[in-house]
Amino acid sequence: MNTPKRYTITTALPYTNGPIHIGHLAGVYVPADIYARFLRLTGNDVLFIGGSDEHGVPITIKAKNEGVSPQDIVDKYHEIIKKSFVDFGITYDNYSRTSASIHHETASEFFKTLNEKGEFIEETTEQLYDAEAKQFLADRFVVGTCPKCGNEESYGDQCENCGTSHNATDLINPKSALTGNVPILKETKHWFLPLDKHEAFLKEWILEGHKKDWKPNVYGQCKSWIDDGLRSRAVTRDLDWGIPVPAEGGEGKVLYVWFDAPIGYISSTKEWAAHEGKDWELYWKDKDTKLVHFIGKDNIVFHCIIFPAMLKAEGSYILPENVPANEFLNLEGNKLSTSKNWAVWLPEYLIDFPGQQDVLRYALTANAPETKDNDFTWKDFQARNNNELVAIFGNFINRVVVLTNKYYEGAIPAPVDLLQVDQETLAAIKAYPDVIASSIERYRFREAGQELMNLARLGNKYLADAEPWKVIKVDEQRTKTIMYVALQIASALATLSEPFLPFTSDKLRGILAIEKNEWNEVTTKDVLIPAGHKIEKAELLFSKIEDVTIQAQLDKLEASKKANEIASAVVEPQKSTITFDDFTKLDMRVGTIIEAEKMPKAKKLLVLKVDTGIDVRTIVSGIAESFTAEEVVGKRVTVLVNLAPRALRGVESEGMILMTETPDNKLVFVNPDDSSVGNGLQIS
RNA sequence: GGCGAGGUAGCUCAGUUGGUUAGAGCGUCGGAUUCAUAACCCGGAGGUCGCGGGAUCGUGCCCCGCUCUCGCUACCA
């Protein structure tokens, strides 16, 4: 594309089952916002779109657990998330939600269009249905007799005993695992999007068309999927929370979340257009519009393969020009985890660091996971603030403003005679907009942020070399020129920092008492802040963050770590009572592992030869991630010997080794520690 | 196991189509300075570019093997 007439920028829709944390911000929202702000400053027509993803099974489960409706859950988190975006200066033109009626209509229409065009494959199959639970049963929710070996406890998709896979409907005497009822056969129709049909197009579009401009991680993922062969994906589900399937036979079915969610970008655009009196189609259907999706790496396949295939199938839409997916951010060496509360939540950050949104934005940009997973540490956060924002940026501004007030009572002095160094410095300022723009346009926000900081460095160096505080004593005229030049740098910073540090940019413009400039005016205008203009008193842009503050955050994390240990140390409640007869059915013996080897082509499985005292038998065990084959040989173990054999990857496993698992996921053998206990002795 | 991405200075990362002494920021050490939030400015030290082969006149960059980290995927009665 040459010069786009307008931009449509989307950000991954956050899932409304919790607040958002620094990982979301670093990976998606801050880079997208920098991009959007930059484009606006360069005079582009930009539409920056987001919204909450409110459908899907996890929300219904959470609702059930909390005894509220799914709508209650999504209402709660939608508001929290939306507020976080506002608080952190993410400048959406519209932030919508997938439970909005406009979205239901849009997604419905989209589905209908594809359906009418024959872009789906409909498949009606008879599936097992639990009349009491009023739902179709997924494979794992059906047990019955294996048609092949007669095992009575086979699952719907696979028999544990003989290892063959089959369909749930093949089972003899099927039972619902939910209610124990005999399920009935009921016809159910589902719609599939045949991705294989779009394979040729995807190959050409991505593998040939975007080899150069897409990030390696994104391109590689796509190539992997395409080379692997694309298959049909179901776009409907037998569920009741979501968008009803608008087609004959669609009763009791909804659109699968990944189908409806990306359409949310379009719905959000429509909502905005209606509100603003604009034409939404220009932003999605005009070939001069540049569409960019900001996402995390977990979303690559949806935004690069599936959604484009949907748009292409529909026929009237443009395709994304780029999908700059980021990798993941870790926190203090560990993965971010909502369930383990290992995160820095945005609402909490603002309580602990009020008014310091820019510090987090900056730290996350400087350490963004652009090419690989990165680690966020509070120490790094402190260093970014104290050594860069305070020491370089804030300090430069403070020096200039303080001196201007001191020497000239806040009035910008007129330059007298521009020496070579002054001219060079003014010329250097003019180069920055292009340099930073070039980084941003290539989605290298980390680099862009560093370039911005270099402009502040230029300012500090200029002052250090020119030494106005010395010159003032001997040459007042020269001092005026120096301060004039320094003030031009400060003004340039006010404009160029806006995408990265919007709150600071505002504050700085307040101090300098100047209006917003356009990005390119830093290059085109010779005077950014004119002589005679009066500025305000000095005010610190950033403040130092002390060690105690950082320690408090580390303590907070340590506390959630402890809380996790306690939570995982909570003993599971006792299971329902069994009879002595039940117990005596279990035949457990002391045994010794005498041989062990790794199961080929499996990551977790070891094939063990165990002396049970009765015999030497083969047991396949999923312990390969905790133990090597070598270290396990000779281990005393407890074996459940009369467990029905089961084939694992083609190897018959005759029994089970008793294990327990520590909170940090390490497996431990349950075994008698008295060496006089011989193999074959019974556990009773 | 399959696939993808990464492994470059103490830390976080750049290194364009292979071409002279591998770069930046932070940290560290030393110097200079005092307008400024003990900040700024200058200089130094610090790297067998994950490991082992190979192709090349020449490779951090190309090919093969191995290894570690992350993700997707299969397998943990």
It should be established whether [X] places a side-chain nitrogen or oxygen under 4.0 Å from OP1 or OP2 of nucleotide [N].
| X | N | answer |
| --- | --- | --- |
| Lys544(A) | rA39(B) | yes |
| Asn387(A) | rG27(B) | yes |
| Thr371(A) | rA14(B) | yes |
| Lys461(A) | rC40(B) | no |
| Lys603(A) | rG2(B) | no |

Would Lys480(A) and Tyr408(A) count as a cation-pi pair here, with the cationic atom under 6.0 angstrom from the ring centre and within 45° of the axis? no
Measure from the side-chain N and O atoms of Asn398(A) to the backbone N and O of Gly394(A), and report whether any donor-acceptor pair falls under 3.5 Å. no
For [X], does the [atom1] atom sit with more than 12 other heavy atoms under 6.0 Å from it, leaving out its own atoms?
| X | atom1 | result |
| --- | --- | --- |
| Lys379(A) | NZ | no |
| Glu409(A) | CD | no |
| Glu476(A) | CD | no |

Return the orientation label for the Phe381(A) and Phe353(A) ring planes: parallel under 30°, perpendicular over 60°, tilted otherwise. perpendicular
According to the interplanar angle, ranging from 0 to 90°, do the rings of Phe307(A) and His303(A) count as parallel (below 30°), tilted (30 to 60°) or perpendicular (above 60°)? perpendicular
Does [X] reach a base, just sugar-phosphate, or nothing at all? Heavy atoms under 4.0 Å.
| X | result |
| --- | --- |
| Leu643(A) | base |
| Asn460(A) | sugar-phosphate |
| Lys470(A) | sugar-phosphate |
| Lys335(A) | sugar-phosphate |
| Ile482(A) | nothing |
| Pro468(A) | nothing |

Euclidean distance for [atom1], [N] against [M] (whole angstrom):
| N | M | atom1 | value |
| --- | --- | --- | --- |
| rG46(B) | rU33(B) | C1' | 27 Å |
| rC26(B) | rC70(B) | P | 30 Å |
| rG1(B) | rC75(B) | C1' | 9 Å |
| rU16(B) | rC42(B) | C1' | 31 Å |
| rC11(B) | rG54(B) | C1' | 34 Å |
| rU20(B) | rC64(B) | P | 25 Å |
| rA9(B) | rC49(B) | P | 9 Å |
| rA14(B) | rC35(B) | P | 41 Å |

Base paired to [N] (Watson-Crick or G-U; both N/O distances under 3.5 angstrom):
| N | value |
| --- | --- |
| rG4(B) | rC70(B) |
| rA22(B) | none |
| rG47(B) | none |
| rC62(B) | rG54(B) |

What's the closest nucleotide to the side chain of [X] if the choices are [options]?
| X | options | result |
| --- | --- | --- |
| Lys372(A) | rU33(B), rG7(B), rC75(B) | rG7(B) |
| Gln221(A) | rU33(B), rA5(B), rG71(B) | rG71(B) |
| Trp469(A) | rC35(B), rC26(B), rA14(B) | rC35(B) |
| Arg399(A) | rC40(B), rC41(B), rG6(B) | rC40(B) |
| Arg446(A) | rC35(B), rA14(B), rC70(B) | rA14(B) |
| Arg646(A) | rA74(B), rC76(B), rA36(B) | rC76(B) |
| Ala391(A) | rC40(B), rC26(B), rG71(B) | rC40(B) |
| Val402(A) | rC75(B), rG25(B), rC35(B) | rC35(B) |
| Arg444(A) | rA14(B), rU34(B), rA39(B) | rA14(B) |
| Lys406(A) | rA77(B), rC35(B), rG25(B) | rC35(B) |

How many whole angstroms separate atom [atom1] of [X] from atom [atom2] of [N]?
| X | N | atom1 | atom2 | value |
| --- | --- | --- | --- | --- |
| Ile392(A) | rC41(B) | CD1 | P | 6 Å |
| Ile489(A) | rC35(B) | CD1 | P | 20 Å |
| Tyr219(A) | rC3(B) | OH | C1' | 15 Å |
| Asp373(A) | rC72(B) | CG | P | 10 Å |
| Ile619(A) | rC76(B) | CD1 | C1' | 14 Å |
| Asn330(A) | rG7(B) | CG | P | 16 Å |
| Arg384(A) | rG27(B) | CZ | P | 10 Å |
| Gln382(A) | rC11(B) | CD | C1' | 15 Å |

Return the 5'-most residue of the pair Arg457(A), Glu370(A) with respect to RNA chain B, ranking by each residue's nearest nucleotide. Glu370(A)
Sorted by position of nearest nucleotide on RNA chain B, 5' first, the leading residue of Asp298(A) and Glu539(A) is Glu539(A)
For the pair Asp422(A) and Arg478(A), find out whether any cationic side-chain nitrogen is under 4.0 Å from an anionic carboxylate oxygen. yes
Test side-chain hydrogen bond (donor to acceptor under 3.5 Å, both in side chains) on Thr638(A) and Asn671(A) and set out the steps. CA-CA 5 Å; Thr638(A) 306; Asn671(A) 62 335; over 6 Å; no
